[in-house]
Amino acid sequence: MADYLSLLTKLVEGLPQGDAEGRRRVFDRARRALEDQLAVVEPPLTDVEVDRELRSLESAIAQLSGSLSDDAPVRPAPPPAA
């Protein structure tokens, strides 16, 4: 599992303070990039492995957003898998 929190923190630190829209764009790009990367892994990952990585990213986004004073809109994490 990648250290999404460290990566996102570095990207967000480069934005002007209070740039909620910039953070939202960073988070959306990170989501798309991870989804694209997971789709081409060989051999293909299981649905459980893909879900675990996506949840890990969402957790890092939520943690980082929670630590900011003017939180960027964050897509809610999907419910836990049964």
Side-chain angles (χ1 to χ4, degrees):
M1 175 173 44
D3 183 4
Y4 299 118
L5 183 58
S6 293
L7 176 64
L8 291 171
T9 299
K10 288 178 186 175
L11 293 171
V12 169
E13 284 176 348
L15 298 172
Q17 188 167 359
D19 186 1
E21 179 61 24
R23 287 193 308 272
R24 187 193 60 75
R25 287 192 307 268
V26 166
F27 297 157
D28 286 346
R29 280 195 307 260
R31 289 177 180 113
R32 284 191 307 272
L34 181 58
E35 289 167 355
D36 291 348
Q37 289 175 353
L38 294 175
V40 297
V41 171
E42 289 295 332
L45 298 174
T46 66
D47 290 342
V48 171
E49 292 168 318
V50 169
D51 187 55
R52 183 181 321 126
E53 287 302 310
L54 294 173
R55 287 177 190 278
S56 181
L57 176 63
E58 291 300 328
S59 176
I61 290 171
Q63 186 176 351
L64 182 57
S65 292
S67 70
L68 301 169
S69 61
D70 57 341
D71 297 339
V74 176
R75 184 187 328 167

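Contact detail for Arg23 and Leu15: the closest heavy-atom pair is N-CD1, 3.5 Å.
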Output side-chain donor-acceptor pairs under 3.5 Å for residues 5-14, partner residues at least two apart or in another chain, one line each.
{"unit_1": "Ser6", "atom_1": "OG", "unit_2": "Asp3", "atom_2": "OD1", "d": "3.4"}
{"unit_1": "Ser6", "atom_1": "OG", "unit_2": "Asp3", "atom_2": "OD2", "d": "2.5"}
{"unit_1": "Thr9", "atom_1": "OG1", "unit_2": "Leu5", "atom_2": "O", "d": "2.7"}

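Note on Arg25 versus Asp28: no salt bridge recorded, every NZ/NE/NH1/NH2 to OD/OE distance being 4.0 Å or above. Taking the charged nitrogens against the carboxylate oxygens, Asp36 and Arg32 have no contact shorter than 4.0 Å, which rules out a salt bridge. With respect to Arg55 and Asp51, a salt bridge is recorded, a charged nitrogen being found less than 4.0 Å from a carboxylate O. With respect to the salt-bridge test (charged N to carboxylate O, under 4.0 angstrom), the residues Glu49 and Arg52 do not qualify.
Looking only at side-chain heavy atoms (C-beta outward), Phe27 and Leu64 come within less than 4.5 Å of each other. A 4.5 Å side-chain heavy-atom check between Glu42 and Pro44 finds at least one atom pair inside the cut-off.
Remark: of the listed residues Val48, Leu54, Asp47, Leu54 is the sole one forming a side chain to side chain contact (heavy atoms under 4.5 Å, CB included) with Val50.
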Inset, instruction - Decide yes or no on side chain to side chain donor-acceptor pair (under 3.5 Å) for Glu53 and Tyr4, but give the supporting numbers first. - result: CA-CA 10 Å; Glu53 287 302 310; Tyr4 299 118; 2.4 Å; yes
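Distance check, rounded to the nearest 0.5 Å: CD of Glu58 to CD1 of Ile61 gives 4.5 Å.
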